[in-house]
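Computed from heavy atoms alone, side chains included, the values below leave out hydrogens, waters and symmetry copies. Sequence lines set the chain letters: A, B, ... in the order given, protein chains first and strands last, and positions in each chain run from 1.
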Amino acid sequence: MATSRYPRRGAPQVRLRIGFVLIAMVLSVFGGRLVQLQGLDPGSYAAMAAAEGSRDVVLPATRGDILDRNGEPLAESVDGVMVIADPALVNTDEAGNPVDRAPQLAKLLSTKLDVDYVTVLERLRRTDTRFQYMARAVPAAKAAHVLDRARARGFDGLTTQRDPIRVYPAGDVAANLVGFLGTPLADGTPQPLAGFERTFDAQLSGTDGSARYSVAAGQKIPLGEQTVVEAVDGEDLTTTIDRELQWYVQRVLRQTVYGARADSGVAVVMDSRTGEVLSLADYPTYDANQPLESDEADLGSRAMSDVYEPGSVEKVLTLGALVDAGRVTPRTRLTVPPSLARQDRSIGDWFDHGTIKLTLAGVLAKSSNIGTVLAADKFEGDELRDYLTAFGLGEATDVGVRGESAGIVPSGSLWTSQTQDRVAFGQSISVNALQMAAAINAVANGGVRVDPSVVRGTATTDSGQRVGTDTTTSRRVLSEEAARKTMLMMERVVDPDAGVAPRAQVPGYRVAGKTGTAQRASSECGCYDGTFTVSFAGFAPADDPRFTVYVVVQNPRNGGGGGSVAGPAFSQIMGYALRRYAVPPTSTKPSDLPVEW
Amino acid sequence: MPSPVSTAALRQRAPRLAEAAVERARLTVVPRARTRAARVPFVSLVTLLLLGGVVGLLLFNTSMQQSSFTATSLEQRATLLSAREESLGMQLENLRDPQVVARKAQQLGMRVPAAPLFLDLSDGSVQGDPVGARVVAPVLLDPRPAARPSLLDPPATVVRPAEGVLSDGRGDAAAAERGARNGAEARAERRAEKKAEKKAEKKAEKKAQKKAEKKAQRKAEKQKAKKKAERAKKNRDA
């Protein structure tokens, strides 16, 4: 009966048993394989599986631009590539026979990519390598064009890789502030070497993203694996610099340094009300696109790193402080002897004179050291020092420019009465150009000192400091009345009859300013070496100041002083700034304070 | 004595209680109800679904692949175009460089005035100093060329000739004579020598040719004579 019920398939138990045995065998094979895959080195298998048919791509982050106050680029990033050749492939024809194609390809590349023919030829002839740079930092569009050309002519073995380019469209304009990048690393990471590029690298450089997708025959598989981590682009850095003005200031400064046969020069243009630095120019400077062509000493900002004795420009601060303290007025009468004997040495004036009768305004207009020292005798204790510190001397401006030197205001036991005498007319004290410009700007801004700034908004430096226009503070140094009186005295400086710097005038405008001619201290001999620092600081329109301009020229060899060397440069720069920002003349009567009595 | 009674009889005798219910409860074997649904529509439906699914999936996949190709090529095109846009932007930036603009302006004769003037449109008055503002200072656009390296200007070599003799030999009589001889005369001599040599060579060649010709003639004559003599001998013998 059993055989008749299951004629072909056999008894169920038997069938089940056989089935189970088979299943168990198959499963144990699977189990064994599972142990092999998961137990022994699962990582490498996972990696192999991932690598099979999938492609990893770096999504490059774009480096942020450095912009001027109007959004004009001072530094910007462009997609670039490096062109790489495989010499072995270049010198092989389609059939695989060796041919000498190096000269033709070298000719093509040297004409299209501005590279040296001989260098390229030598690289293409090498047989010990299969990777040779042909050109670096080539704009992507240009490289694509050249590669198409080469392919059309039958050259094989050229490839490209990412190699971002940083361009400085205005060349040397603000180069000392902006800085530059070095040759990027092999993976395209830029190497910031100087200036803002380095200080604000964390903000400027973004984070590269990555993408991973499956490919087949060079095409994405639509439903294959696909993960994308978007790149985070770098943020732009907006400066307070005005590119056009900065360009003009740099050209005028260069011309001035040439004309005076001087060593170097600095010019600062500040917005009087906000303390924003519209221009911070250095000469000698460099082309940010070709930093290696310039002297290494020219790659920083002398305006911030070089300190010097300001000379007579500092008298503005001394006399302003005296007026503020209520010790003198612009009409205070002083009898100025030919020379003044003080404890350790006698003090003289830059011009020979007998005993003359000058008002305080006349002391400033004629730039008399003796008159200033006589007036400064009215200070009590360390009053002058406190005022100078309040003006911001001896304290770094911390605007975000690298390598700032804070200068020295003598303190403690070094602040003797002799020191005070010399400090009163700008010796025995050292400043950097931006500090001094900010101090003079306090007079322009109605006695309120505003922190200077070169970065708009806020930015964090590589040392973690927050800088920028949003972080600036201001403090009152002089009363409004004292500042106005000081301004009226400064206006006499550019008067053709009363003052020493008529060439600093801007036609049609009221200008207040002060010349400076200071002996230069040499670190080699520890003495004054007979060379000079000449400078001019001032603001306009005098009764409603918009800009403060400070021009400093180091070691002029034409025998010029602050009025004749820096004065005309001041006038040109101020005239340009007033025109550019459409500041009309105030049409008020200029100061007519008496200079003599 | 009660007679044994068969169960059937007993059943017959027993009152037929709830007979209908018992009858109903009785199980009987019934033939299995086989509803034969038509197979063809079902199979064809499944086949159709499967086929439709597979073909649809295939089409869908193909179209996805196609659009992926398009996407890739469009992406490449976008990259290329954005690179082109960037390089054009770079060119534009170069043209907007203040230096370039200033150079063009200077070429057109434009200058930077010393100060601005303001024209009040309401009353036509000019604010500012019209005379002073017209003073123009030319802007030096380019840096001075870099100083020539001293390597390119080596110190001059100074030669001090003997007293009374100039450095080129003038004033030295013997040298002058030698110089003159070495000059024109020697050259003329050499030329003459060369000519003579060439002539001699040609003569020698001609002589040699003539000699060879004569020799050949003489030989030929001798041979002729010999042949004549031989023939004469033969004739004699015959």
Side-chain angles (χ1 to χ4, degrees), chain A residues 72-73 76-81 139-145 165 167 169-173 215-216 218-224 243-248 250-252 254-255 258-259 283-285 293 505-509 540 568 571-572 574-576 578-587, chain B residues 60-73 75-76 79-102 112-120 125-144 146:
Chain A
E72 301 287 346
E76 59 182 353
S77 280
V78 179
D79 244 2
V81 294
K142 194 173 171 186
H145 175 72
I165 314 173
V167 283
D172 68 341
V173 175
V215 285
Q219 303 281 355
K220 268 187 210 175
I221 298 175
L223 291 178
R243 190 171 82 153
E244 299 284 329
L245 181 65
Q246 172 84 21
W247 171 82
Y248 184 74
Q250 283 188 215
R251 294 296 169 270
V252 169
R254 181 165 71 194
Q255 210 166 348
Y258 280 170
Y283 182 85
T285 180
E293 288 180 5
Q505 276 184 342
V506 180
Y509 287 84
S571 166
Q572 274 179 281
M574 184 60 90
Y576 190 90
L578 291 169
R579 188 171 62 84
R580 180 158 171 74
Y581 286 86
V583 180
T586 45
S587 310
Chain B
F60 179 63
N61 234 339
T62 312
S63 82
M64 287 259 291
Q65 197 68 52
Q66 208 64 47
S67 59
S68 152
F69 289 171
T70 322
T72 310
S73 74
E75 263 171 33
Q76 276 170 2
T79 315
L80 210 71
L81 284 177
S82 68
R84 199 170 139 66
E85 192 226 334
E86 252 181 6
S87 71
L88 287 174
M90 235 164 89
Q91 279 179 31
L92 191 66
E93 278 308 326
N94 286 339
L95 289 174
R96 293 185 63 234
D97 177 2
Q99 177 87 4
V100 173
V101 175
V112 178
L117 292 176
F118 290 82
L119 174 66
D120 191 341
S125 67
V126 172
Q127 229 182 331
D129 176 3
V131 181
R134 276 195 202 119
V135 178
V136 289
V139 181
L140 184 71
L141 291 181
D142 294 302
R144 282 188 194 143

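Heavy-atom distances place the side chain of A:Ala144, and not its backbone, under 4.5 Å from chain B. In this structure, chain A has a heavy atom under 4.5 Å from the side chain of B:Glu75, while its backbone stays farther away. Using a 4.5 Å cut-off between heavy atoms, A:Pro584 contacts chain B through both its backbone and its side chain. With a 4.5 Å cut-off on non-hydrogen atoms, A:Ala143 does not touch chain B at all. In this structure, no portion of A:Val252 lies under 4.5 Å from any heavy atom of chain B. Contacts between B:Leu88 and chain A at a heavy-atom distance below 4.5 Å are absent for every atom of the residue. Of the two parts of B:Pro130, neither the backbone nor the side chain holds a non-hydrogen atom closer than 4.5 Å to a non-hydrogen atom of chain A. There is no contact between A:Thr285 and chain B, counting heavy-atom distances below 4.5 Å. Using a 4.5 Å cut-off between heavy atoms, A:Glu76 contacts chain B through its side chain alone, with no backbone atom that close.
Here the closest heavy-atom approach between residue A:Ser571 and residue A:Gln505 is recorded as OG-O, 2.8 Å. Looking at every heavy atom in both residues, B:Pro113 comes nearest to B:Ala133 through CB-O, 3.4 Å.
Highest contact tally toward chain A, considering only B:Val131, B:Leu141, B:Leu81, is held by B:Leu141 [criterion: heavy-atom pairs under 4.5 Å]. Ranked by heavy-atom pairs under 4.5 Å with chain A, the list B:Pro143, B:Ser67, B:Ala115, B:Gly128 is led by B:Pro143. Here A:Glu72 is the residue among A:Glu72, A:His145, A:Arg580 with the most heavy-atom pairs under 4.5 Å with chain B. Counting heavy-atom pairs closer than 4.5 Å to chain B, the top residue among A:Arg254, A:Glu244, A:Arg579 is A:Arg254. Heavy-atom pairs under 4.5 Å with chain B peak, among A:Val78, A:Val583, A:Asp172, at A:Val78. Of the listed residues (B:Ala83, B:Pro98, B:Gly132), the one with the most heavy-atom contacts under 4.5 Å to chain A is B:Pro98.
Under a 3.5 Å cut-off, the side chain of B:Ser68 and the backbone N or O of B:Met64 do not form any donor-acceptor pair.
Atom CD of B:Gln65 sits about 4.5 Å away from atom CZ of B:Phe69, to the nearest 0.5 Å. Here A:Arg243 contributes atom CZ and B:Asp97 contributes atom CG; the two are 6.5 Å apart, rounded to the nearest 0.5 Å. A distance of 12.0 Å separates OH of A:Tyr248 from CZ of A:Arg251, quoted to the nearest 0.5 Å. From A:Asp79, atom CG reaches atom CZ of B:Arg84 across 15.5 Å, with rounding to the nearest 0.5 Å.
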What verdict does the side chain to side chain contact (heavy atoms under 4.5 Å, CB included) test give for B:Ser87 and A:Lys142, after you've listed the backbone C-alpha separation in whole Å, the side-chain angles of each residue and the deciding distance to 0.1 Å? CA-CA 8 Å; B:Ser87 71; A:Lys142 194 173 171 186; over 6 Å; no

Applying side chain to side chain contact (heavy atoms under 4.5 Å, CB included), run through B:Leu117 and B:Leu119 and close with a yes or a no. CA-CA 7 Å; B:Leu117 292 176; B:Leu119 174 66; over 6 Å; no

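In this pair, A:Tyr258 and A:Tyr283 present their aromatic rings perpendicular. The plane angle is above 60°, beyond the 30 to 60° band.
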